[in-house]
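Notes follow the structure.
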2 protein chains.
Amino acid sequence: MKTKPPRLADVAKAADVSTATASMALNDTGGTRIGAGTRERVRAAAADLGYRPNRVASGLRTRRTHTLGFVGDDVATTPFSGQMIRGAHDAAREAGFMLLIVDTSGEAAETGEAVAALQERQIEGILLATMYHQVVKAPKAIATTPCVLLNARTPDGSASSVVPDERGGTLGLLAELTGAGHTRIGHITTTEDVEARAIRLATWRERVEANGLHSDDLLVEIDQATTRPAHAAALRLLDRPDRPTAVFCFNDRVAMGVYRAAAQLGLRIPEALSVVSYDDQELIAPELQPALISAALPHYEMGRWSVLELLRRLDNPEAATVQHLMPCPVVKRESVAPPR
Amino acid sequence: MKTKPPRLADVAKAADVSTATASMALNDTGGTRIGAGTRERVRAAAADLGYRPNRVASGLRTRRTHTLGFVGDDVATTPFSGQMIRGAHDAAREAGFMLLIVDTSGEAAETGEAVAALQERQIEGILLATMYHQVVKAPKAIATTPCVLLNARTPDGSASSVVPDERGGTLGLLAELTGAGHTRIGHITTTEDVEARAIRLATWRERVEANGLHSDDLLVEIDQATTRPAHAAALRLLDRPDRPTAVFCFNDRVAMGVYRAAAQLGLRIPEALSVVSYDDQELIAPELQPALISAALPHYEMGRWSVLELLRRLDNPEAATVQHLMPCPVVKRESVAPPR
DNA sequence: GTGAAAGCGCTAACAG
DNA sequence: CTGTTAGCGCTTTCAC
């Protein structure tokens, strides 16, 4: 049979002090009231017994559980989201916190239930993460528990949030192309209604039209941002004499389709066609030949930031909310060359 | 200022009963002692006040936190592991449990610390997950807390565990090839020392030699199971007159390299070369052309199973440990045809 | 400098 | 059928 773990009372008895003294000695609380010798005796006794505090008990007393809730919509499913969790996890751990993770379908009712279940467990704050960058309405939970939105923001700034700087990333990618001398830059995007699409598209359009070009001639839309439809779209965009000299792809899977189409049309990348893309997926961008220039989604950093912001709000609940844009670094590889 | 949430005492007062009665009415404990009318009154009062029990307090009293610990080595980083977490999460939720997740580097000391930190929080059991299928020595934690190993097993069966059935998956893949009439089946594998390699290689070798072939002639090893080295290896394996008519790849990234080499050598897949692979990665296997037949790693199911087993052990700590092999289903696609 | 005692919110004996 | 009471293990006044 397993023997019960030691309690604070056992440590106190071993060190021949009261539980109050033992508690203060171990937690460095109570100012100078604990003598150095006493403190050492208690410490030694604790180490000796292999004492580990029961955080449920101390949590009940102090109302601090050192635990944060992470609720994500399908978040554990996507390769990206692992990075958000990991960023949040690492920052939490550095501050002595742990993460209670709940995955939902994203429906409001289910999210509400998840938040309530976390609150029952007395988590100190909540991270609300979404799989794709989006705008959501303010969660009801903010009334009762500090919240930070991850990969989402509210329309009104009523909660702190962090999202990728899609505009900045797009400008960085386009700078790679214009820096090499391209002006006729095509874009293949999706018709899905997501923030990422809207911002990347608008930023590209603005740039292309600044060059005096008609953006509609250079744009192809597909209903799913995956390889197969992208391949067909790329054939349409590239199989004509006035084709663009460079293509900005909505994401890396689209870029895969473009590579395939280019091979089929006898267009060498980057000599005959430059390609840039978004997402920097580990299994795609560095593996394509030539390796693909792509703007990375800073999921890890966003995860970290969200926890730091949440902890800041725990310390200072009245602090103003902040909406953060996390830079999307452009990873430079070999898919761009000057136009011919 | 936010107002304090209602406690059980508030519900009891509103329903004009004692806290004991309120507790029993809400938890359906105490057998028939609570009258139906009383129960309804209490329920109504609780709903009315928006009462949510404080699980920290009840956990202190009952020693049941309805929380499991999930410790993984770098687990949140890989695309697979998300599925393990999700499987575990879903099974846990169905049983009213939540997951406290800790990510470690995999070092024993760090894992030990993580386990201790979880124990301080009074988790009821621990899932120990590894990123790659491997053999590990029995964790010390099993002495004090129920444990189940996920994607790993102990040499001595001292803990319950679940790992993918690599042998079964490999046999399924090879059956696709032999069923189509192939006998000269090559294999490209890694030299990395992992369980997956050893089992897939041994199973393939056994089959090939059962056909009276010399397996060394059909084997190429690379030091990293990624696309680029695989491409070079495939050129070596395929650019000769007595080349195999089919290739079994260690994983999908290797298969990507084989596809590229085949294209370069003018070998159409599947007409001139059949290809099967392992892992069934979402971004690769279905996206290649032709779509790749691959054996899936059942991470989601393994995650589920591990929680079910852990819960079983909580109910019955003396139950015998079980070592489970989870089938790896072969996903049939278009990369195999009869040899010419 | 230290100990005694109260109490965090809840559940489970024990009475009635 | 229901109420009273005693803790779960810890922290924190308050008194010495």
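None of the values given here were measured: they were computed from a predicted structure. As a basis for the values below, the full set of heavy atoms in this structure was taken, side chains included, without hydrogen atoms, waters or symmetry mates. Labels below follow one simple rule: chain letters A, B, ... track the order of the sequence lines, proteins then strands, and each chain is numbered from 1.
In this structure, A/E120 atom CD and C/dC10 atom P are separated by 10 Å, rounded to whole Å. The nearest whole Å value for the distance from the CZ atom in A/R41 to the P atom in C/dG1 is 14 Å. Computed from coordinates, the A/M24 CE to D/dT12 P distance equals 7 Å when rounded to whole Å. Computed from coordinates, the B/D16 CG to D/dG3 P distance equals 8 Å when rounded to whole Å.
Contact check on B/R43 versus B/D28 returns a salt bridge, with a Lys/Arg side-chain nitrogen under 4.0 Å from an Asp/Glu carboxylate oxygen.
In this structure, the side chains of A/L314 and A/F97 come closer than 4.5 Å at one or more pairs of heavy atoms. Using a 4.5 Å heavy-atom threshold, the side chains of B/L128 and B/V71 count as touching.
Panel note: side chain B/T29, backbone B/N27; no donor-acceptor pair is recorded below 3.5 Å.
A donor atom on one side chain and an acceptor atom on the other are found under 3.5 Å apart for B/S160 and B/E309.
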Return all side-chain donor-acceptor pairs below 3.5 angstrom for residues 131-139 of chain B, not counting sequence neighbours, or 'none' if the list is empty.
residue: B/H133; atom: ND1; partner: B/E166; partner atom: OE2; Å: 2.9
residue: B/Q134; atom: NE2; partner: B/Y132; partner atom: O; Å: 3.0

Protein proximity profile, nucleotides 4-9 of chain C - base contact B, sugar-phosphate-only contact S, no contact -, cut-off 4.0 Å on heavy atoms: B-BBBB
